[in-house]
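It should be emphasised that the depicted structure is a prediction, and the values quoted were computed from it without experimental measurement.
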Amino acid sequence: MIKIIKISVVTLLSIVFVSAVSVYLLLFMSLPKLDASIDSDAISNSITIERDRLGTAVVTADSRQDAAYGLGYAHGQDRFFQMDLLRRNSAGELSEIFGEKALPLDKSRRFHQLRKRANGIVATLPKEHLALLQSYAQGVNDAVDAQAINSFEYLVTGAKPRAWEPADSLLVIYSMYLDLQGNTIKRDLTLTYIQSIFGVQMLDFIIQPSRYQAALDGSLIGLKQPAIPLISPQYVAQATPKSITETLDIGSNNWAVTGALTENGEAMLSDDMHLSFAVPIIWYRAQLNYSQSDEDISITGVSLPGAPAIVVGSNGHVAWGFTNAYIDTADWIEIENSSDLTFENEQILLPDSAVEYKILMSEYGPVKGTLAQHYALSWVGHRDYAVDMSLVELDKVTDVQQAITIASNMGIPIQNMMLVDTAGNAAWKPAGAFPSRTNPSDVAIKESDYQAENWLIDNAKLPQMINPKSQRLWSGNSRVVSTKQHQELGDGGYALGARSTQIRDRLFAESSFTVDDFYQLQLDNEARFLTSWHHQLIGLLSAQPKRFAKDISYLNNWQACACSDSVGYTLVRQYRQQLIDSAFAPLETQLGLSSQSLSPVKRYLEPAMWQLIDAKPASWLPSQYADWSEFMISSYLQSKQQLLMTYSKDNDMDDLAWGKVNQLKVQHPFSKQMPILSALLDMPVVSGFGDSYMPAVQGASFGASQRFIVQAGDEENGVLTIPGGQSGHPLSDFYRAGFSEYATQQHTPLLPGKLLHRIEVSAQ
């Protein structure tokens, strides 16, 4: 019997060993070849694709079209599955890989019919841009075809790679639209429901302006507080408190100073774009070297796998970066006669079947709503001018004015574009697609107010600023434009403004800057925004000093920063969140009955919440509390208990240090579904640093997707630090390369280092 057991154990271990070796061999064989000589009939002259220690793709070619092929080849080798997900995300085609669980997301994407729009736009592009997309697509497909075995993601899912097409690159840009403007669309519909259910007075109360304003011209929107609206006792009684998710500050920080404020006399740019983190990280380091009109061009920065452009970078003459502009790019139209609506059918493929999905349509756009009221969406993302390849024209600009001219007609989600050049100039300009309509609205408009003709025209006359008197420029997703321009451009979901004001104040606190000064500002985690909340909470708990002695001790030692060892910071932050959730529970509950939420506008609730704290209106107080102090203490206790339940096994408040509560966890999508794969696929877990409402933005899987600092013409001393590696293959040397430098706040050079691998592509 013992012998039989031994034989069984040995057999089982042998099977496990053979299986592990087989899996490893499959993974190893699916690694792309980074040293090779190949031929292609898609290029006019030979090109090279080289890589340094980080896996930076250095493409050298004789023309921009051939360089696009080389970049496509590199993207196809390292990131094809990510590219596949990006195009499927915007097109609503994820169910073809992941099955029915992806249907709700696919249906929300099909609402916009972006595959159809991309196919229509690609046929109208200028010949040179279409040729770039075709060359890029061929490079991608050649790289995928060269693989002996499909990448591991396809082995795991059982799906097969589908050839890349020129229109797919436009779908990748549309994916960025959905990320960057998705909340704009939700915001206006939420506010429409708030007005419908609670009235105009409640709407004004919710969206009252904040004291955190940092427009470039210093203009302020008046802070006159609206009256606190009475709230129905029935709504308060029916309220079911729950967490109101706060949308992430997708959109970023950037700032610039002219050469008058730097030690070497060169203008300087900083840019850190805030996005959700995953493995692989969204950006891809690249340098393109080619000739055009007898001029040598070298452009270095980050590209977006799926498109042939350098998104943020420097060409030696001009450097640029982006933050999401959040001006108003969408209108909802109140449909007066539902009989005019029609249905359009969309077929969503599953692995072994298909689902028919009907979209309700109007002359203004797709329609949502209830039987009682329908609303049509008019969104810039639906316009023919929404996407194009104008971004590649930045390769060859030689000063900020040339770049601004290109930005005026650029087909990307509207961004605050910050620029510097070798002459010491610094400039700001909203770059991207924006409608020419002149009546932006926070809520749905009447059909008679819809400016149909103006929606068809891209607004090329947006404001700009070059070399302001202060020599400083900044943006952080709050209002950048003047109050007059604000009336014309509208609010598409601005950030509260605490980040922007902190950046502005830091810039004005110094008269000269170095690259390291800019880097330290990117890492600034001082909790200026929460200081007033800290004072309020200490005052609240100090009324019962014995009961809250330990809590007060943590609060007194909170360090006024989102520091890793600060328990006090965690307590203040979570108290604020819980109090807002509790106070606005009546609104959240009623909105939920219409499948709506305060989530898209939660960042607006700060001034309204302080007004409630100061006035303590009886109608807003739940009946189980004697007064507002009791209500606020209850909110604090709830927030603390929830923290302890989540982060401490022993009910120990020391476990609530911010670094533990806000750990950075950059995960692969597969490990989220199969945690056993975490050690193989995920980045190392890092103690938290930073938070919302401060320059150093960081959440559990969100933050600065790159840290970029450069002076045009001095790229040698530039910085480009990214929270992840180049390759999506877990056995690649480049899978995690660069992450540790990001996690430990080190500078990673912008320019490529010593080149270690080389692919030579000869023209047939």
Side-chain angles (χ1 to χ4, degrees), residues 20-38 48-59 70-86 139-157 159 161 164 277-287 302-306 666-672 674 677-684 705-706 720-743 748-749 752-761:
V21 170
S22 298
V23 169
Y24 179 84
L25 287 175
L26 280 173
L27 285 174
F28 183 80
M29 292 174 67
S30 66
L31 276 168
K33 294 181 179 180
L34 304 184
D35 294 281
S37 295
I38 61 176
T48 60
I49 306 165
E50 298 172 286
R51 288 170 168 91
D52 67 357
R53 69 172 183 87
L54 295 171
T56 307
V58 179
V59 179
L71 185 60
Y73 197 95
H75 284 168
Q77 285 191 307
D78 291 331
R79 298 290 192 90
F80 185 76
F81 188 73
Q82 176 200 6
M83 296 161 57
D84 197 1
L85 294 188
L86 283 174
V140 172
N141 294 329
D142 285 354
V144 175
D145 291 343
Q147 293 292 108
I149 295 177
N150 292 334
S151 65
F152 87 98
E153 299 99 335
Y154 291 102
L155 298 177
V156 171
T157 60
W164 195 261
F277 289 170
V279 178
I281 205 68
I282 190 167
W283 304 118
Y284 185 92
R285 304 174 70 103
Q287 182 182 82
V302 293
S303 58
L304 177 62
V666 184
Q667 295 182 275
H668 193 283
F670 288 178
S671 73
K672 292 181 180 180
M674 297 174 281
L677 297 176
S678 181
L680 174 66
L681 299 180
D682 296 346
M683 296 295 118
S705 59
Q706 91 322 331
L720 179 58
T721 310
I722 297 178
Q726 287 282 93
S727 174
H729 198 296
L731 297 187
S732 170
D733 292 340
F734 309 130
Y735 188 71
R736 293 184 174 87
F739 177 80
S740 63
E741 292 162 73
Y742 178 93
T748 306
K754 181 181 178 181
L755 299 174
L756 306 175
H757 300 278
R758 180 183 178 92
I759 296 174
E760 297 182 357
V761 188

Problem set entry | Thr748 backbone acceptor or donor facing Thr721 side chain under 3.5 Å | yes

For this session: Mind checking the CD-CD spacing from Gln147 to Gln77? Nearest 0.5 Å is all I need.
Result: 6.5 Å

Problem set entry | Contacts of Asp78 that satisfy salt bridge (charged side-chain N to carboxylate O under 4.0 Å, His left out) - sequence neighbours left out | Arg51

Exercise. Does the Tyr735 side chain pair with the main chain of Leu681, one donor and one acceptor, at a distance under 3.5 Å?
Worked result: yes

Exercise. For Ala743, which residues count as a side chain to side chain contact (heavy atoms under 4.5 Å, CB included) partner, sequence neighbours excluded?
Worked result: Val686, Phe739

For this session: With sequence neighbours left out, write down each residue that passes side chain to side chain donor-acceptor pair (under 3.5 Å) with His668, or none if nothing qualifies.
Result: none

Exercise. Does Arg53 have any salt bridge (charged side-chain N to carboxylate O under 4.0 Å, His left out) partners at least two apart in sequence or in another chain, and if so, which?
Worked result: Glu741

For this session: Could I get the full list of ring pair (Phe, Tyr, Trp, His ring centres under 6.0 Å) partners for Tyr284, not counting sequence neighbours?
Result: His75

Seminar exercise, completed: Sorted by chain and number, sequence neighbours left out, side chain to side chain donor-acceptor pair (under 3.5 Å) with Thr48 holds for none

Exercise. Between the side chain of Arg736 and the main-chain N/O of Asp682, is any donor-acceptor distance below 3.5 Å?
Worked result: yes

Exercise. Of the non-hydrogen atoms in Met29 and Ile149, which two are nearest, and what is the gap between them?
Worked result: CB-CD1, 3.6 Å

Problem set entry | Those residues that, when tested against Ala159, pass side chain to side chain contact (heavy atoms under 4.5 Å, CB included) (two or more places apart) | Ile97, Tyr154, Thr157

For this session: Go through the structure and list residues passing side chain to side chain contact (heavy atoms under 4.5 Å, CB included) with Pro669, not counting sequence neighbours.
Result: none

Problem set entry | Shortest non-hydrogen contact between Ser727 and Pro280, atoms and distance | O-CB, 4.2 Å

Problem set entry | Which atom of Ala286 lies closest to which atom of Ser303, heavy atoms considered | CB-OG, 4.2 Å

Seminar exercise, completed: Sequence neighbours excluded, the answer for side chain to side chain contact (heavy atoms under 4.5 Å, CB included) partners of Asp733 is none

Problem set entry | Minimal non-hydrogen separation, Phe152 against Gly728, with atom names | CE2-O, 3.4 Å

Exercise. How many angstroms lie between CZ in Arg758 and CD1 in Ile49, if you round to the nearest 0.5 Å?
Worked result: 10.5 Å

For this session: Scan Met683, Gln82, Gln667 and name whichever one has a side-chain contact (heavy atoms from CB on, under 4.5 Å) with Val279.
Result: Met683

Exercise. Which heavy-atom pair separates Ser671 from Leu677 by the least distance, and what is that distance?
Worked result: CB-C, 4.2 Å

For this session: Just do the side-chain contact (heavy atoms from CB on, under 4.5 Å) check on Tyr73 and Val761 with the steps written out, would you?
Result: CA-CA 10 Å; Tyr73 197 95; Val761 188; 5.5 Å; no

Problem set entry | With Arg285 via salt bridge (charged side-chain N to carboxylate O under 4.0 Å, His left out) - residues at least two apart | none

For this session: Drop me the distance from Gln726's CD to Arg79's CZ, to the nearest 0.5 angstrom.
Result: 6.0 Å

Seminar exercise, completed: By side chain to side chain donor-acceptor pair (under 3.5 Å), Gln287 pairs with (sequence neighbours left out) Asn289, Thr300

Exercise. Of all residues at least two apart in sequence or in a different chain, which pass the salt bridge (charged side-chain N to carboxylate O under 4.0 Å, His left out) check with Glu153?
Worked result: none

Problem set entry | pair Leu34-Phe734: side-chain heavy atoms closer than 4.5 Å | yes

Exercise. How many angstroms lie between CZ in Phe80 and CG in Asn150, if you round to the nearest 0.5 Å?
Worked result: 9.5 Å

Problem set entry | Pair Val58-Asp52, side-chain contact (heavy atoms from CB on, under 4.5 Å): steps then yes or no | CA-CA 8 Å; Val58 179; Asp52 67 357; 5.9 Å; no

Exercise. Heavy atoms, side chains only, cut-off 4.5 Å: are Tyr742 and Ile281 in contact?
Worked result: no

Problem set entry | CG on Leu54 to CD1 on Ile722, rounded to 0.5 Å | 8.5 Å

